[in-house]
Amino acid sequence: MAFLEINGRSVAYRLLGSEANPLVVLAHPLGMSQSVWDDIIPALLPRYRVLTWDLPGHGASQAASGEQITPADLAAEALALTELAGAARFHFVGTSIGGVVGQQLIIEHSDRLLSATLTNTGAVIGNSDLWNTRAGRVRQEGLAAMSEEIVPRWFATKAFKASPSLKAGWCTQMGRGDGESYAQLCEMLGRDTFTGKLSGKNTNVQLLGGSEDMATPPATLEALAAELDDAPLEIFDGVGHVPAVEAPALFAERLLAVLAVDLGDVANHGVAYATGLETRKQVLGEAHVARSTANANSLDAPFQQMITRLAWGELWSNEDLTRRERSMITTGILAALGREELTLHLKTAKRIGLTEAELRQVLMHVAIYGGVPAANHAFALAKELGWGE
């Protein structure tokens, strides 16, 4: 875990995985913490970089410093963290109040979103009387006392039967939070709604919910889908308010399907230039792509477009292999052939996160199957570029 000061307040976050992979930002529900994603993250890391953080007064984040929190404040936190990660565009996943953050991003920053997966949330959640009453009780009674009443609403009955300690664990987590921050977030949910604000934003949105969710039942998700121009909605049977905890395998499976790049009918139509360009920027870095684009002239501009569509669109954007695997294949081929692009891809291998041991094995395969002189040259070049100690 690391910390970043945002608007004078310390925010706890985790940034995991290779900077060459697309960034996925995960926003947790009210009263919980970024640990809610722990069972999802391992499924994402082979193909994605993952950013999680704790909301104000939750987990290890500092308590709210003002008298009012807005959805724009929370979205600004998310954007500050994506700037730290160096991601111009990203996938967003949010549950409950995390989905409220996602709706704010859709309204004001849809150009930054590769996709938005909103789960167990709504354009309107509950009503102002409910949230104001809860805020008052939290200030009077404290989160630890209130947790005994609130936590059972998060999960389906079968989840408690499957894990008898689930309630006690999350009651403890909730009880450690800052009551004033929680109360201000309750007031935000009662005050700030998104009805009539989400249409026409041209964002790839997927909605997920649970059939046993008491906080945001399927009808709330259906209303949100209508606000989002009939965005696709799937309801998980037998699941409550927090599918990342109750059904992590199912949730991860659906999420990976949403995050995957839709290449369309490649055989008949190829891959769009914009798709290849997005991947090229992620893998090689925006600065490198900007230099290559700036250096192109009338002679090689069509060539640059071709390799962006074919190499970076049809190959590197394809999900059948991870970018780590593609890096090893590409590095081995270029080393065996002695191509000058080997320098670029040895740098890229570092960016993608190949280990020294993995690169060594790639180049030893080159020695056996491509020739010792080719491998010897590649080892020497890799050392010049900072590989090895």
Side-chain angles (χ1 to χ4, degrees), residues 16-25 40-51 85-93 112-117 203-206 232 249 251-286 288-289 292-293 302-337 339 341-342 344-355 358-359 361-362 365-366:
L16 309 170
S18 165
E19 62 179 323
N21 283 336
L23 181 67
V24 179
V25 179
I40 302 298
I41 290 173
L44 298 178
L45 284 178
R47 287 178 166 80
Y48 299 95
R49 198 178 197 197
V50 176
L51 171 65
R89 303 185 72 207
F90 55 92
H91 299 279
F92 184 87
V93 183
R112 300 286 303 277
L113 296 174
L114 295 169
S115 72
T117 302
T203 302
N204 176 23
V205 177
Q206 173 68 54
F251 185 85
E253 177 187 340
R254 295 296 192 274
L255 183 55
L256 287 170
V258 173
L259 299 178
V261 176
D262 182 5
L263 299 181
D265 185 357
V266 177
N268 291 311
H269 301 293
V271 173
Y273 173 81
T275 299
L277 183 62
E278 187 74 42
T279 298
R280 190 179 183 188
K281 289 178 178 179
Q282 291 166 355
V283 175
L284 301 180
E286 296 218 16
H288 173 85
V289 175
S292 297
T293 302
F303 169 74
Q304 290 290 331
Q305 293 178 12
M306 181 188 72
I307 62 173
T308 299
R309 287 184 289 101
L310 296 181
W312 299 106
E314 294 198 14
L315 288 179
W316 284 84
S317 298
N318 185 288
E319 296 275 335
D320 292 343
L321 296 175
T322 67
R323 291 180 182 178
R324 187 186 200 89
E325 292 164 339
R326 291 190 187 281
S327 178
M328 288 190 282
I329 292 170
T330 304
T331 300
I333 292 171
L334 292 173
L337 295 175
R339 298 291 192 248
E341 290 91 345
L342 178 60
L344 171 62
H345 281 274
L346 284 169
K347 294 177 181 178
T348 300
K350 267 187 177 293
R351 181 178 170 83
I352 282 177
L354 256 65
T355 65
E358 287 171 330
L359 178 62
Q361 285 301 312
V362 168
H365 272 256
V366 170

Consider only side-chain N and O atoms of Gln282 and Arg49, and report whether a donor and an acceptor are under 3.5 Å apart.
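Side-chain D/A pair, Gln282 to Arg49: absent.
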
Just by distance, with hydrogens left out, do Ser317 and Thr279 show a side-chain donor and acceptor under 3.5 Å apart?
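A donor-acceptor contact under 3.5 Å links the two side chains.
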
May I ask you to test the [X]-[Y] pair for a side-chain heavy-atom distance under 4.5 Å?
| X | Y | value |
| --- | --- | --- |
| Leu354 | Met328 | yes |
| Leu255 | Thr117 | yes |
| Ile40 | Phe251 | yes |
| Leu45 | Leu16 | yes |
| Leu321 | Ile329 | yes |
| Val25 | Leu23 | yes |
| Thr330 | Glu341 | no |

Output the distance between atom [atom1] ([X]) and atom [atom2] ([Y]), rounded to the nearest 0.5 Å.
| X | Y | atom1 | atom2 | value |
| --- | --- | --- | --- | --- |
| Leu284 | Lys281 | CG | NZ | 12.0 Å |
| Glu325 | Asp320 | CD | CG | 10.0 Å |
| Leu337 | Leu342 | CG | CG | 10.0 Å |
| Thr322 | Arg47 | OG1 | CZ | 6.0 Å |
| Trp316 | Arg323 | CH2 | CZ | 8.5 Å |
| Leu44 | Leu259 | CG | CG | 6.5 Å |

What's the verdict on side chain to side chain contact (heavy atoms under 4.5 Å, CB included) for Arg309 and Val271, showing C-alpha distance, side-chain angles and the deciding distance?
CA-CA 6 Å; Arg309 287 184 289 101; Val271 173; 5.7 Å; no

Between the side chain of [X] and the main-chain N/O of [Y], is any donor-acceptor distance below 3.5 Å?
| X | Y | value |
| --- | --- | --- |
| Arg324 | Pro46 | no |
| Ser18 | Arg351 | yes |
| Gln361 | Glu358 | no |
| Arg280 | Gly313 | no |
| Arg339 | Ile333 | no |
| Gln304 | Thr293 | no |
| Thr348 | Leu344 | yes |

What are the two closest heavy atoms between Gly270 and Glu314, and how far apart are they?
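Answer, listing the atom of Gly270 first, then Glu314: CA-OE2, 3.6 Å.
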
So which heavy atom on Ala116 is nearest to which on Leu113, and how close?
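Closest approach of Ala116 to Leu113: CB-CD1, 4.5 Å.
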
Please test Trp312 against Leu277 for side chain to side chain contact (heavy atoms under 4.5 Å, CB included), starting from the C-alpha separation and ending with a verdict.
CA-CA 7 Å; Trp312 299 106; Leu277 183 62; over 6 Å; no

Would you please name every residue forming a salt bridge (Lys or Arg N to Asp or Glu O under 4.0 Å) with Arg89, sequence neighbours left out?
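For Arg89 the salt bridge (Lys or Arg N to Asp or Glu O under 4.0 Å) partners, ignoring immediate neighbours, are Glu278.
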
Testing Ile352, Leu359, Val362 one by one against Ser327 for a side chain to side chain contact (heavy atoms under 4.5 Å, CB included), which residue passes?
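When Ile352, Leu359, Val362 are each tested with Ser327, the side chain to side chain contact (heavy atoms under 4.5 Å, CB included) holds only for Ile352.
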
In terms of the angle between their ring planes, are Tyr48 and His91 parallel, tilted or perpendicular, with boundaries placed at 30° and 60°?
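Plane angle over 60°, so perpendicular.
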
